[in-house]
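In what follows, a single structure is set out as C-alpha cells and then discussed.
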Amino acid sequence: MNIHEFQAKGIFARHGMAIPTEQVARTPEEARRIAEKLGTRVVVKAQVHVGGRGKAGGVKLASTPDEAFEVAGRILGMDIKGLTVRQVLVAEAVEIDHEAYVGIILDRQTRRAVFMVSAAGGVDIEEVARDTPEKIHKLAVDPLLGLLPYQARSLAYKLYSDPAQVKQAAGMLARLYDAFIESDASLAEINPLVTTPEGKLWALDGKMNIDDNALFRHEEIEAMRDPESEEPTEAEARDADLSFVKLDGDIGCIVNGAGLAMATMDMVKFYGGMPANFLDIGGSSNPDKVVTAMNIITSDDRVKAVLFNIFGGITRCDDVANGIVTALDRIAAGPGGSLTLPIVIRLTGTNEAEGRKILESVGLVAVDTMAEAVQKAVALGKGAK
Ligand code: GDP
Ligand code: MN
C-alpha cells in the first residue's frame with residue numbers, strides 16, 4: 001500500500017527524524033490559514049501517490065499567506081500523471097544548500113533490505129541512476145544484525161565530508177531503517193535529504209510503501225489508506241476479497257487460484273495475446289465474486305475478450321457457472337445493456353457436468369482444454385468470429 005508524503009513524514013518524525021513543520025489542506029482557504037499560522041515562507045505540495053510532482057508543477061514556494069492561497073488554488077484539482085490532486089501539504093519552506101538521496105528497498109535478489117544513497121539527490125535522481133549509476137552507493141543489511149553503526153557512518157561518508165553532517169546523516173539512516181522495519185515497508189525513501197546553509201539536515205520529502213500482507217498488524221497505517229487515490233477497480237476487487245492487478249493487455253482473465261492465474265497469463269502471452277489483468281477469484285464457491293469480477297473486467301474498455309479458466313476443486317463448477325449466468329443477467333439489465341464481448345470458458349473438475357448444463361441453458365459453451373480456451377480467446381480478441 002502506498003501512503004502520502006505527509007503520512008510517510010509523520011512516521012519519520014515519530015522515529016525522531018527532522019522534518020519541516022507542516023499540515024495538510026483541502027482548500028485554498030485552509031492553505032492560507034496554515035501559512036498564516038506557520039508565519040514563514042511555505043512550500044505547497046500536491047499529495048498524490050506518484051513521484052516527479054515538482055517537475056509536473058505540483059510543488060511551489062509561496063512567500064505570503066495570500067500567495068499560498070493562490071498557489072494551492074492552482075495545485076488543487078491538478079492532474080498529475082492521471083491522478084487528481086485533492087489535498088496539498090503546506091510546509092515551512094527550508095533553505096537548501098545541498099540535496100542528497102537516501103532510500104531503502106526490499107531487494108528480492110539478496111532477500112535483504114538494501115540501502116541506496118547518493119550525494120546527487122533531488123528531482124533528477126532517475127537520470128542519475130540511469131546515466132551515472134556509480135554515483136549511487138548500495139548496502140545490503142543483514143536482517144539479524146540490522147544496520148550497524150559503522151555501516152551507517154560509512155554510508156553517511158558517501159554523502160558528506162563535514163563530520164557534523166556525517167553524524168546527523170548516520171543518525172537519519174539508522175532511524176530510516178527502524179521506520180522501514182517497524183512499518184513492514186517494502187520501500188522508504190527521503191529525496192531530497194537537504195542540508196541547510198547552517199549545516200542542518202532535514203527530510204524534505206518522504207515516500208513509503210507498506211507490504212499489504214503486513215497491514216493486519218499496523219492498524220494506524222491501514223487507517224492511512226486513501227481510497228480517492230487508488231485505482232477504483234483495484235479497491236473494488238479488494239473489498240470483494242479478490243486478488244486483482246490491472247495490466248495493459250486486452251484479454252480479461254477470470255481464474256480460480258493464483259498459480260493457475262499466473263499460468264493463464266503465461267499461456268495468453270505464449271499464444272500471442274496480452275492479459276488485461278491478473279484476477280484470482282479464490283477457492284470459495286461464491287457466485288457474487290464472479291459477478292464482481294465480471295463487472296471489474298468489463299468496465300475496462302480495452303478488454304476485447306473474457307477468458308474464464310476454472311479448475312473445480314473446492315470451487316464447484318456449477319457455482320461458477322451460476323455466477324457467470326447471474327453476472328450476464330445483471331449486466332444485461334444494467335444501463336449498457338447486454339455484454340457484446342466474446343466469452344470463452346474453460347471449466348473442469350468438481351460438478352463439471354452440472355456446470356456445463358447451466359452454461360448450455362443460456363447458450364454458452366465450455367471448452368475442454370486450457371490451450372484451446374486461451375487460443376480461442378486470443379483469436380476472438382483479435383477480431384476473429
Ligand atoms: P517530488 O518532485 O515529487 O519528488 O517532490 P519534492 O518534495 O521532492 O520537491 C521537489 C523539489 O522541490 C525538491 O527537490 C526541492 O528542490 C524543491 N523544494 C521542495 N521543498 C522545498 C523547500 O522547502 N524549499 C526549497 N527551496 N525548495 C523546496
Ligand atoms: Mn522528492
Side-chain angles (χ1 to χ4, degrees), residues 3-25 28 30-48 50-72 74-75 80 85 87-103 117-125 128 155-156 158-176 179 188-208:
I3 57 175
H4 286 298
E5 170 193 0
F6 76 92
Q7 296 165 327
K9 280 153 92 187
I11 294 176
F12 293 173
R14 279 199 290 289
H15 282 85
M17 283 182 252
I19 65 158
T21 312
E22 57 190 28
Q23 210 180 317
V24 170
E30 262 184 89
R32 170 162 39 210
R33 246 177 290 137
I34 297 166
E36 269 164 8
K37 208 166 59 186
L38 290 171
T40 58
R41 200 164 64 113
V42 298
V43 57
V44 180
K45 312 174 78 178
Q47 298 297 288
V48 281
V50 70
R53 295 162 304 161
K55 285 189 175 170
V59 177
K60 295 264 184 258
L61 289 162
S63 316
T64 63
D66 282 340
E67 208 180 317
F69 173 91
E70 192 257 326
V71 166
R74 266 189 284 148
I75 296 178
I80 300 182
V85 181
Q87 42 189 356
V88 291
L89 183 61
V90 183
E92 144 201 18
V94 173
E95 217 182 313
I96 301 177
D97 233 21
H98 176 261
E99 298 188 320
Y101 170 91
V102 307
V117 306
S118 177
V123 294
D124 292 325
I125 192 68
V128 173
L155 279 174
K158 307 273 192 215
L159 303 176
Y160 308 98
S161 48
D162 175 77
Q165 288 174 30
V166 169
K167 199 170 164 204
Q168 286 181 71
M172 274 292 202
L173 293 168
R175 288 171 177 141
L176 187 65
E189 192 181 83
I190 305 173
N191 186 37
L193 170 62
V194 302
T195 316
T196 64
E198 300 79 42
K200 183 160 166 31
L201 265 52
W202 293 85
L204 223 60
D205 183 13
K207 186 173 173 184
M208 284 187 98

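All values reported here derive from a predicted model rather than from experimental measurement. We're numbering straight along the sequence, starting at 1.
- Looking at residues two or more places apart in sequence or on another chain, you find a salt bridge (charged side-chain N to carboxylate O under 4.0 Å, His left out) between Arg74 and Glu70.
- Using a 4.5 Å heavy-atom threshold, the side chains of Val90 and Gln23 count as separate.
- With sequence neighbours excluded, the residues satisfying side-chain contact (heavy atoms from CB on, under 4.5 Å) with Pro192 are Glu99, Val194, Leu204, Asp205.
- Contacts classified as salt bridge (Lys or Arg N to Asp or Glu O under 4.0 Å) and involving residues 6-15 (residues at least two apart or in different chains) are given here: Glu5-Lys9, Lys9-Glu22.
- Of all non-hydrogen atoms in Ala72 and Val88, the two that sit nearest each other are CB-CG2, 4.3 Å.
- Taking each heavy atom of Ile80 and Ala56 in turn, the nearest pair found is CG2-CB, 3.9 Å.
- The side chain to side chain donor-acceptor pair (under 3.5 Å) check on Glu92 picks up Thr21, with sequence neighbours excluded.
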Taking only distance into account, with no hydrogens and no angle test, what donor-acceptor pairs under 3.5 Å do side-chain atoms of residues 164-171 form with protein atoms, sequence neighbours excluded?
from: Gln168; atom 1: OE1; to: Leu201; atom 2: N; distance (Å): 2.9
from: Gln168; atom 1: NE2; to: Gly199; atom 2: O; distance (Å): 2.9

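- Of all the heavy atoms in Ile75 and Val59, the pair that sits closest is CD1-N, 4.3 Å.
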Worked verdict on Val102 versus Leu159 for side chain to side chain contact (heavy atoms under 4.5 Å, CB included): CA-CA 9 Å; Val102 307; Leu159 303 176; 3.7 Å; yes

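- Distance OG1/Thr196 to CG/Asp97: 7.0 Å, rounded to 0.5 Å.
- When the side chain to side chain donor-acceptor pair (under 3.5 Å) test is applied to Asp66, the partners found at least two apart in sequence or on another chain are Arg32.
- In this structure, Asp162 has no salt bridge (charged side-chain N to carboxylate O under 4.0 Å, His left out) partners at least two apart in sequence or on a different chain.
- Listed for the His98 side chain is a donor-acceptor partner under 3.5 Å among the backbone atoms of Ala119.
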Please report the C-alpha distance between Met17 and Ile190 in whole Å, then the side-chain angles of each, then the deciding distance to 0.1 Å, and finally whether the side chain to side chain contact (heavy atoms under 4.5 Å, CB included) criterion is met. CA-CA 11 Å; Met17 283 182 252; Ile190 305 173; 3.9 Å; yes

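- Of all non-hydrogen atoms in Leu193 and Ala203, the two that sit nearest each other are CD1-N, 4.3 Å.
- With contacts defined as side-chain heavy-atom distances shorter than 4.5 Å, the pair Val42/Ile34 does not qualify.
- Nearest heavy-atom pair across Ala25 and Glu30 is CB-CB, 3.6 Å.
- The side-chain contact (heavy atoms from CB on, under 4.5 Å) search around Val24 returns Phe6, Gln87, Leu89, not counting sequence neighbours.
- Evaluation of the ring-ring contact (aromatic ring centres under 6.0 Å, His included) rule for Phe12 yields no partner, not counting sequence neighbours.
- Rounding to the nearest 0.5 angstrom, the gap separating the CH2 atom in Trp202 from the CD1 atom in Ile19 is 8.5 Å.
- Contact between Ala93 and Thr40 at its shortest, heavy atoms only, is N-OG1, 4.4 Å.
- The closest side-chain heavy-atom distance from Ile11 to Ile3 is below 4.5 Å.
- Remark: Glu36 engages no residue in a side chain to side chain donor-acceptor pair (under 3.5 Å) (not counting sequence neighbours).
- Applying the salt bridge (Lys or Arg N to Asp or Glu O under 4.0 Å) test to residues at least two apart or on different chains, none of the pairs has a partner in residues 192-203.
- Taking CD of Glu189 as the start and NZ of Lys207 as the end, the distance is 5.5 Å to the nearest 0.5 Å.
- Shown here are the side-chain contact (heavy atoms from CB on, under 4.5 Å) partners of Asp124, two or more places apart in sequence or in another chain: Lys55, Glu127.
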